[in-house]
Amino acid sequence: MGVVKFLSKTKNTPLKLVVWVAIAFFAVSLLLTLHRYYNFYASYDQGIFNQVFWNGTHGRMFESSLSSALSTNVVHDRQLPEVFYYRLGQHFTPALILWLPIYALFPSPVTLTVLQVTLVTAAGLVLYALARHYLAPQLSAAIAISFYCANAVIGPTLGNFHDICQIPLYVFSLLLAMEKRRWRIFAIFAVLILAVREDAGITLFGVGFYMICSRRYPRTGLVVCALSFGYIVALTNLIMPLFSADISERFMMERFGQYAEGDRASTLQILWGMISNPLRLLGELFTPFDRTLKYLLAQWLPLAFIPAISPASWAIAGFPLLKLFLGKGESVLAINIRYAMTVVPGLFYGAILWWRARERGSRGEGERGRFPSSLFPLPSSLFPLPSSFFPLPSSFFLLPSSFKFQRFWAFCLCLSLFFTFTSNPNQTFSFILPDAIHPWVYVPITRQWQHASQIRSLLDRIPPDASVAATNYIIPHLSSRREILRLPRLELRNDAREVVKMEYVIADMWQLQQYQTAFKRERGQLRAIAPLIDLLSNSGEYGIIAFQDGVILMKKGIPSESEAVTSWKSFRQEIEPILK
């Protein structure tokens with residue numbers, strides 16, 4: 001019943017309530033993400049970004065051996081990872097430079113976690129200011145609090161650090177600058193949005209499309225659309241290929257290879273493949289229908305489905321949605337993955353405009369004033385969802401002060417929080433919820449803490465400047481170094497262009513053992529790493545210097561310790577049935 005309370009408070013209370021909710025969101029999200037990190041549930045991407053920032057503070061901007069291991073040269077051409085590989089060939093993310101001074105003061109993967117939670121929390125406060133431009137304090141507060149309750153906001157925030165966490169703050173700030181007609185500030189945030197990553201221009205294109213179709217700022221909208229489209233095309237076809245061939249040979253093919261011929265394609269070739277084959281385009285757009293519909297419902301839920309009937313929401317968020325719906329892969333329709341955040345700003349801004357138009361219509365106000373009565377003067381046939389999708393009387397949506405709608409909205413917020421929690425985004429709630437039910441996979445929180453302390457005691461034995469190969473969940477904790485790889489990779493090309501093997505190997509075999517019963521990736525890693533450990537130790541190339549609680553530590557060029565070897569062999573016999 002929180003929405004009911006919003007609408008019965010005094011003028012200043014809604015802002016205070018939003019601030020308190022923002023503080024609660026920040027505190028809870030930070031607590032959960034830090035617990036996730038220190039309990040070794042943060043994974044590879046957290047390590048990639050931390051290594052990029054760490055290299056940046058040492059004058060090696062955007063270089064990463066971890067990113068190199070994912071490049072097309074390594075994945076497809078079987079070359080070795082390189083410490084001097086520029087990640088800009090995979091994702092062009094110059095906006096990260098803004099946060100480099102903060103990282104330089106506090107050089108740690110934890111800094112990135114705090115930064116992500118801070119950026120998302122700040123975005124909700126800017127959203128409240130944006131809503132207040134048109135709406136009453138009570139309704140503005142309800143919209144801002146809905147942002148903090150959205151699955152598409154909470155899920156990605158509780159995961160590894162990602163560049164898209166900047167998008168809500170920048171887009172809300174851009175829209176607020178547009179409403180205030182502060183065009184210089186608008187231009188600054190337009191540039192920042194483009195600098196987030198190569199595909200962020202799609203979100204900015206949606207804003208320009210809205211500005212044109214609403215006839216509010218058509219000339220500026222044309223400039224925004226032209227800038228966004230031109231930037232994406234030039235960046236992905238001219239600039240990023242200067243660093244590597246990943247954009248055409250890997251990322252385009254992995255996401256949109258169904259529209260291309262051959263084993264590589266540029267963005268222009270993908271676009272032409274879509275245009276020249278409309279039947280395939282329509283098939284990709286609506287299939288799988290059940291997952292597509294479920295994804296839309298999850299995005300609309302915290303705003304009580306208002307974005308589904310808001311033309312402005314479809315105009316701005318439609319283009320990021322189109323990118324997701326036309327792509328392939330499990331992650332494109334995952335509400336807890338970072339890509340879901342690109343859709344959020346358009347949905348919430350469209351809800352603000354819809355409510356304002358509804359309020360003015362209910363009061364019988366005409367075209368006068370600063371806000372047009374027809375926010376999106378397109379044929380209603382383009383947006384047939386209101387009557388067909390919602391079997392509710394029109395009076396139900398008449399005003400936010402409607403008691404029935406207040407209860408419905410409050411129910412939607414509770415439902416959104418419930419689904420977010422039960423989905424266990426990025427294993428954040430694995431200390432409460434099982435990771436799998438059939439078969440049952442659950443590690444109690446006390447066991448997690450005990451195991452984490454054992455890993456940390458072994459990490460202390462690895463020098464901070466030593467090269468190391470580690471398993472997935474240990475990577476973030478060791479990523480503040482020049483040379484690091486994920487097992488089973490052991491070799492890379494160093495700054496002297498020489499091929500070297502890692503000095504240390506550390507593998508959390510217990511974690512793989514626990515999760516392999518339900519997850520193929522962990523089972524595959526276990527079957528790949530266990531024989532590798534046998535090979536390295538039996539050959540004498542690496543010595544086993546410690547084995548405790550299923551975590552093995554090896555060092556290159558020294559003999560094994562007998563007690564550690566005995567412990568490993570005992571564990572090896574335990575997992576033998578799995579390896580077969």
Side-chain angles (χ1 to χ4, degrees), residues 1-3 5-6 9 12-43 46 49-50 99 102-103 105-106 108-131 137 140-162 164-170 172-173 302 335-336 338 340-341 344 348 410 413-433 445-446 448-449 452 476-477:
M1 299 300 293
V3 177
K5 295 181 180 179
F6 300 160
K9 298 293 183 178
N12 292 326
T13 302
L15 175 58
K16 293 180 180 178
L17 184 57
V18 170
V19 171
W20 278 111
V21 172
I23 292 173
F25 175 87
F26 177 85
V28 173
S29 298
L30 188 59
L31 178 65
L32 290 172
T33 49
L34 290 179
H35 181 268
R36 177 177 178 270
Y37 172 79
Y38 285 113
N39 257 17
F40 292 87
Y41 280 90
S43 55
Q46 185 84 11
F49 280 102
N50 182 68
W99 315 113
I102 297 176
Y103 184 88
L105 292 175
F106 309 98
S108 167
V110 173
T111 301
L112 302 184
T113 297
V114 177
L115 175 62
Q116 177 161 288
V117 175
T118 302
L119 290 172
V120 177
T121 304
L125 297 176
V126 176
L127 173 62
Y128 175 79
L130 179 61
S140 299
I143 290 174
I145 292 172
S146 298
F147 173 83
Y148 292 122
C149 295
N151 196 342
V153 173
I154 300 174
T157 302
L158 297 181
N160 300 321
F161 178 85
H162 54 88
I164 298 177
C165 69
Q166 304 165 93
I167 286 290
L169 176 61
Y170 293 166
F172 289 145
S173 299
I335 197 68
N336 290 318
R338 58 188 178 275
M341 264 192 179
V344 169
F348 277 80
L413 293 182
C414 293
L415 206 59
S416 180
L417 291 173
F418 173 77
F419 287 145
T420 302
F421 173 72
T422 54
S423 66
N424 191 14
N426 302 291
Q427 295 183 289
T428 303
F429 299 108
S430 290
F431 63 96
I432 301 175
L433 301 173
I445 186 171
T446 52
Q448 291 182 15
W449 289 345
H477 297 258

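Since this is a predicted model, take the numbers as computed values, not measurements.
Checked by atom type and distance alone, the side chain of Gln427 never pairs as donor or acceptor with a backbone atom of Arg36 at under 3.5 Å. In this structure a side-chain-to-backbone donor-acceptor pair under 3.5 Å is present from His477 to Tyr37.
Looking at heavy atoms from C-beta onward, Tyr148 lies in side-chain contact with Thr121 at the 4.5 angstrom threshold. A heavy-atom distance below 4.5 Å is found between the side chains of Ile143 and Phe348.
Listed here is the closest heavy atom pair of Gln116 and Gly159: NE2-O, 3.5 Å. In terms of heavy-atom proximity, Pro302 sits nearest to Ala150 at CG-CB, 3.6 Å. Contact record, Ser423 with Asn336: OG-ND2, 3.1 Å, taken as the closest heavy-atom pair. The shortest heavy-atom contact between Asn50 and Ser108 is OD1-C, 3.4 Å. Nearest heavy atoms, Ser416 versus Asn151: OG-N, 3.5 Å. Closest approach of Ala152 and Val344 over heavy atoms only: CB-CG2, 3.7 Å.
The aromatic rings of His35 and Trp449 stand perpendicular to each other, their planes meeting at an angle above 60°, with 30° marking the opposite boundary.
Distance check: Ile164 CD1 to Met341 CE gives 9.0 Å after rounding to the nearest 0.5 Å. Annotation: the span from Thr446 atom OG1 to Phe431 atom CZ amounts to 12.5 Å, rounded to 0.5 Å. With values rounded to the nearest 0.5 angstrom, Cys165 atom SG is found 11.0 Å from Arg338 atom CZ.
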Contacts table for residues 27-34: side-chain donor-acceptor under 3.5 angstrom, sequence neighbours left out:
{"residue": "Ser29", "atom": "OG", "partner": "Phe25", "partner atom": "O", "Å": "2.7"}
{"residue": "Thr33", "atom": "OG1", "partner": "Ser29", "partner atom": "O", "Å": "2.7"}
{"residue": "Thr33", "atom": "OG1", "partner": "Leu30", "partner atom": "O", "Å": "3.1"}

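When each of Thr118, Thr111, Leu115 is tested with Trp99 by the rule side chain to side chain contact (heavy atoms under 4.5 Å, CB included), just one qualifies, namely Leu115. Under the side chain to side chain contact (heavy atoms under 4.5 Å, CB included) rule, Leu169 has a single partner from Leu125, Val120, Leu119, Leu127, which is Leu119.
Every residue meeting the side-chain contact (heavy atoms from CB on, under 4.5 Å) condition with Asn424, not counting sequence neighbours, appears here in chain and number order: Phe429, Ser430, Leu433, Asp435. Considering only residues two or more places apart in sequence or on other chains, Gln46 meets the side-chain contact (heavy atoms from CB on, under 4.5 Å) condition with Ala42, Pro109, Leu112, Thr113, Asn160, Phe161, Pro476.
A donor atom on one side chain and an acceptor atom on the other are not found under 3.5 Å apart for Asn426 and Tyr41.
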Subject >> Criterion side chain to side chain contact (heavy atoms under 4.5 Å, CB included) on Phe421 and Ile432, from CA distance to verdict >> reply: CA-CA 10 Å; Phe421 173 72; Ile432 301 175; 4.0 Å; yes

